[in-house]
Amino acid sequence: MAADLFSEIEYLKGVGKARGEKYRKLGITSPYELIYHIPRAYLDFRCHVPVSQAVLNEYNVLKLTIFRRLPPQRVRGGLVICKAAATDGTDDILIVIYNNVYGFNALKEGDTYYMYGKVTGNLLRREISSPVFIKEDEKTLIQPVYALTQGLSVTMIRQNMRQALEIMKSRPFETLPADILRKYKLCPLMYALENIHFPESEEASETARRRLAFDELLKLQLGMSMMKSTSRRKTAYSMNPHTDISGFEKGLPFEMTDAQKKAVSEITADLCRNVPMNRLLQGDVGSGKTAVAAAACYFTVKNGMQAALMAPTEILASQHYKTLSGFLEPFGISVCLLTGSLTAKKKKALREQIKSGEVSVIVGTHAIIQKDVEYSALGLVITDEQHRFGVQQRAALAEKGGSPHKLVMSATPIPRTLALIIYGDLDISVINQLPKGRKPVKTYAVTGKLRHRAFGFVRDRLSEGRQAYVVCPMIEDSESDLLAVKSYAENAAQGDLKGCSIALLHGKMKPAEKENTMKKFHDGEIQVLICTTVVEVGVDVPNAAVMVIENAERFGLSQLHQLRGRVGRGEWESTCILITDNTGDECRQRMKIMSSTTDGFKISEEDLRLRGPGDFFGSAQHGLPPMKIADIVCNMELMNEAQSCARELLESDPGLDLPEHRALKIDTLKLFDKEIVG
C-alpha cells in the first residue's frame, strides 16, 4: 500500500512496523504528523575545519575521506564498537561509533563525508566519537537535529522526512487563503515545511519558522475565540453611560492614580455595551485593583444590578469583603460574604437576601456559584486570580442568568504575551503605577551562613515595633513538609527568635483558626508569622515590614514577588531577605533579578523566559496546547498579527465553514483535540 500524508506511519517507505512503533512513542502516527516533527536545532556543515585545527574535547565539523573500515568489536554487555580510519588529506583521525552498526555500514571506503562530533585525543592521535555525518555531495549543508527515542537515529528521521515531504509535494495543499498570505507577508506552506527541515539558508529557515509560528498562533487564537464565542451573546445588563461615579472617587481616602482612572473608564465603557464585557484587570502587588473593582461594583449597583466577586481562598475572600465594605457601605451599598465555612442557618439567610436583591454586592469563594444561590439581577461577575479556578467554576459563575459582564482580576503579573493567549479574547487593562507613598521593598539574597545575621536584622525591626513574616516552602503539602514547618517554628522560638511572640499559619489549618491567627497578627498581638505560601495573596498588614523567605530556590520568581508584596504596605521602609544555599547559575540569576527590580511585569517576563509557559503557573491548569514552533516570549508582534487575522476570519466566517477555511478548521480542532462549537 502506497502511503499518503494521512495513512499510518508504518506505510511510509523505509519505516515498517518496528520503526513505526518507535515513531508512535514520539506521538507521530502519520506522515503528516512526521512533517510537523520540527527540528530542535540545526547542524551547519558549511563551516568545517582541518583535523589539525579541531578543538580537543569540543564538538567540531570535519571533512573526512574514509580509507579503512575496521571489523566491529563486540565487548562485554553486548556493546558493539565500530571504527574507521579517515583523513582530511593532511592528517588522519579515527572515527569511533558505539552500538550503531546500521549507521557505521552507511560509511563507505573512498567516500568523503562532512562529520560533526566530539574530537578527543592529543596532537599525535585524534578520535571523533559517534559523529553525525552527511555525504560530500549533499545539497543541503544545514541539517536538522530532532528529538529522538531509542531505536530512531537522526539519519533515519531525515530519510523518512524527505519521503513524507515528497508525498506532500506530489499533492501540495495550503491551509491559508492567498489574501492572508499576501497581507501578512507569509511564505507558502510547502516552502515553509521544506525549509524548516532542510533550509537553503538561515534566511529561508527564518522565513519558514515565521510562517509556521504564525500558523500555530493563529490556530491557538481561533480555538480560544471559538471556545469563548458563546460568551458573545447579548447581555441582559447593558448599563447607562451617563451614570455618575464622581461621588465614589471623591469619597475614597486617597486619590486614584491615572492608571486606576483609565482602568475604571475602560471597564465602565464596557459595562454599557450590549455584549458582555470580557476584561482582564492586571496590576502589580499593591497597585490598587480592589479600588477599581469597587468602582465597577458601584457603577453596577447604581444601575440597579448586583455584582459578585469570587476569590480562590477564604482568606482572600474575607480580605476583599473588608476592603469592598469599607469602600461601598458609606454609600449605602450592602455587601455580604458567602463562604463554605458559614453555618447552614447563616447561608440560608444570605441566599434569601441575594435572591431578593436586598444585598447588592456578594463576595465569596466558590460557595457563591452553588446551584442553590440565585441572584436577583447579576450584572457583573468579578473573579480574582482566575487561573486558580477550574474552567467549570468560572463558567458556572458567568452563567448565573442573562450573560453578565465579566471582569478578571490578577495580582500575578502575567507577561502580556502569555495573557493574550491564556485570556484569548479578553480585553486587557493594566495598572502599571503604584499609589503615592508606596516605597519599593529592598531585597537581599544571602546564603544560610548569614541566617543568624538576617534574624538579628529581624529582631532590630521588631524592637522598633514592626512585625515580620518568615516563609517556609511547602511543595507537596504533605505531612513531612508540614512537620518541617512546625519544627522550624519550634527551633526559631528556641533560637534566633527566642522571646518573640510567634505563630504558625499553614494551609492545613481550619478556616476559623487561620482567620483567628491572621486577626491576631493584624492587631499586633503576634510579632512573627511563620507561614507557608498561604500568605501569598490577600493578607494585608501595613505594620509588617520584614519578610524572610527560606529555601528561596524552591519558589518561582513570580511567586517570590507575590510573597514580597505582603510587606511594604505601610509607611515604613520594608525589607525582604531571600535565603538559599543553591549556588547554581540559574538560581543566582533568579536571585539577582529579585534583588534588582520590584517591577512585577519585568519579573514575570524573566520568569516566563527561564521556566517556559508550561511551568509558569506551577500546577495550575492553564490548558494551553503545547507550542512546537512559536516562542510566545519573543513572538509578540507575530502574536498581534495572528490575533488580528483570527478576528478577521471569524468576523467573515464565524464557524470557519467556507471551503477555503476547511483545512484551517480541521487543524484548529486537532490542536485542541476536541470539537469547538459555539
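Remember, it's a predicted structure, so these values are computed and weren't measured experimentally.
In terms of heavy-atom proximity, E553 sits nearest to I579 at OE1-O, 4.4 Å. The shortest non-hydrogen separation linking A192 to A208 is O-CB, 3.2 Å. Closest approach of L578 to L560, counting heavy atoms only: CD2-CD2, 4.1 Å. Between I128 and G117 the shortest heavy-atom distance is CD1-N, 3.7 Å. What you find for P31 and L12 is that their closest heavy atoms are CG-CD1, 4.2 Å. In this structure, P199 and S205 approach most closely via the heavy-atom pair CB-CB, 3.7 Å.
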As a quick check of understanding, evaluate side chain to side chain contact (heavy atoms under 4.5 Å, CB included) for V567 and T575, giving each step before the final call.
CA-CA 8 Å; V567 294; T575 308; over 6 Å; no
Determine, stepwise, if the pair F455 / V470 fulfils side chain to side chain contact (heavy atoms under 4.5 Å, CB included).
CA-CA 10 Å; F455 278 101; V470 178; 3.9 Å; yes
Evaluate side chain to side chain contact (heavy atoms under 4.5 Å, CB included) for V471 paired with C531, printing each intermediate quantity in order.
CA-CA 5 Å; V471 181; C531 50; 4.1 Å; yes
Derivation of the side chain to side chain contact (heavy atoms under 4.5 Å, CB included) call for V101 and C82
CA-CA 7 Å; V101 177; C82 303; 4.2 Å; yes
Derivation of the salt bridge (Lys or Arg N to Asp or Glu O under 4.0 Å) call for R46 and D44
CA-CA 5 Å; R46 293 173 303 177; D44 190 343; 2.8 Å; yes
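Looking at residues two or more places apart in sequence or on another chain, you find no side-chain hydrogen bond (donor to acceptor under 3.5 Å, both in side chains) involving R40. With sequence neighbours left out, D215 forms a side-chain hydrogen bond (donor to acceptor under 3.5 Å, both in side chains) with R211. Partners of T120 under the side-chain hydrogen bond (donor to acceptor under 3.5 Å, both in side chains) rule, at least two apart in sequence or in another chain, do not exist in this structure. By the salt bridge (charged side-chain N to carboxylate O under 4.0 Å, His left out) test, K83 pairs with no residue at all, sequence neighbours left out. Residues passing the salt bridge (charged side-chain N to carboxylate O under 4.0 Å, His left out) test with K63, sequence neighbours excluded: E136. Looking at residues two or more places apart in sequence or on another chain, you find a salt bridge (charged side-chain N to carboxylate O under 4.0 Å, His left out) between E166 and K169. Applying the salt bridge (charged side-chain N to carboxylate O under 4.0 Å, His left out) test to R210 and every residue at least two apart in sequence or in another chain returns E641. Legend: residues meeting side-chain hydrogen bond (donor to acceptor under 3.5 Å, both in side chains) with E203, ordered by chain and number and at least two apart, are S201. Evaluation of the ring pair (Phe, Tyr, Trp, His ring centres under 6.0 Å) rule for Y32 yields F6, Y36 as partners, not counting sequence neighbours. With sequence neighbours excluded, the residues that form a ring pair (Phe, Tyr, Trp, His ring centres under 6.0 Å) with Y114 are H48.
Between the NZ atom in K486 and the CG atom in N491 there is a gap of 14.5 Å [rounded to 0.5 Å]. Taking CG from L212 and CD1 from I196, the interatomic distance works out to 5.5 Å, rounded to the nearest 0.5 Å. Expressed to the nearest 0.5 Å, how far CG of D4 lies from CE of M168 amounts to 13.0 Å. Considering OG1 of T597 and NZ of K602, their distance stands at 4.5 Å, rounded to 0.5 Å. A distance of 10.5 Å separates CZ of R590 from CZ of F555, quoted to the nearest 0.5 Å. Atoms NE2 and OG1, on H561 and T443 in that order, are 9.5 Å from each other to the nearest 0.5 Å.
Sparse packing is recorded around OH of Y59, with 12 or fewer heavy atoms of other residues, nucleotides or ligands lying under 6.0 Å away. Within 6.0 Å of atom CZ in R68, 12 or fewer heavy atoms from other residues, nucleotides or ligands are found, so the atom counts as exposed in its surroundings.
Side-chain contact between E202 and Y42: absent, with no pair of heavy atoms (C-beta onward) separated by less than 4.5 Å. Residues I549 and C576 are in side-chain contact: their nearest non-hydrogen atoms beyond the backbone lie under 4.5 Å apart. Put simply, the side chain of R588 reaches to within 4.5 Å of the side chain of T583, judged on heavy atoms. When side chains are defined from C-beta on, L62 counts as touching V119, because their heavy atoms get closer than 4.5 Å. Taking 4.5 Å as the limit, some side-chain heavy atom of L152 sits within range of a side-chain heavy atom of L26. Residues F214 and L176 have side chains in contact (heavy-atom distance under 4.5 Å, counting atoms from C-beta outward). Side-chain contact between F45 and V132 is present, with heavy atoms from C-beta onward closer than 4.5 Å. Between F104 and V80, the closest side-chain pair of non-hydrogen atoms is not below 4.5 Å.
Side-chain atoms of N551 never come within 3.5 Å of backbone atoms of R554 as a donor-acceptor pair (strictly under, hydrogens ignored). The main-chain N or O of K108 is found under 3.5 Å from a side-chain atom of Y113 such that the two form a donor-acceptor pair. Side chain of R564 to main chain of M594: a donor-acceptor pair is present (N/O by atom type, distance under 3.5 Å, no hydrogens or angles). A donor-acceptor pair is defined here as one N or O able to donate and one able to accept, closer than 3.5 Å; such a pair exists between the side chain of R126 and the backbone of N122. Using a distance-only test at 3.5 Å, with no hydrogens or angles considered, a donor-acceptor pair links the side chain of D581 to the main chain of G448. The main-chain N or O of V49 is never found under 3.5 Å from a side-chain atom of Q53 such that the two would form a donor-acceptor pair. No donor-acceptor pair closer than 3.5 Å links the side chain of E174 to the backbone N or O of P188. Side-chain atoms of R69 never come within 3.5 Å of backbone atoms of A84 as a donor-acceptor pair (strictly under, hydrogens ignored). Remark: the backbone N or O of E200 is paired with a side-chain donor or acceptor of N195 at under 3.5 angstrom.
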What pairs of donor and acceptor atoms, side-chain ones from residues 140-148 against any protein atom, are under 3.5 angstrom apart with sequence neighbours left out?
{"residue": "Q143", "atom": "OE1", "partner": "R158", "partner atom": "NE", "Å": "3.1"}
{"residue": "Q143", "atom": "NE2", "partner": "T140", "partner atom": "O", "Å": "2.7"}
{"residue": "Y146", "atom": "OH", "partner": "H197", "partner atom": "ND1", "Å": "2.8"}

Under 3.5 Å, which donor-acceptor pairs do the side chains of residues 88-96 form with other protein atoms, sequence neighbours left out?
{"residue": "D88", "atom": "OD1", "partner": "T90", "partner atom": "N", "Å": "2.8"}
{"residue": "D88", "atom": "OD1", "partner": "D91", "partner atom": "N", "Å": "2.7"}
{"residue": "D88", "atom": "OD2", "partner": "V51", "partner atom": "N", "Å": "2.9"}
{"residue": "D92", "atom": "OD1", "partner": "T87", "partner atom": "OG1", "Å": "3.2"}

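Ion pairing of E10 with R24 is present here, as a side-chain N (NZ or NE/NH1/NH2) and a carboxylate O approach within less than 4.0 Å.
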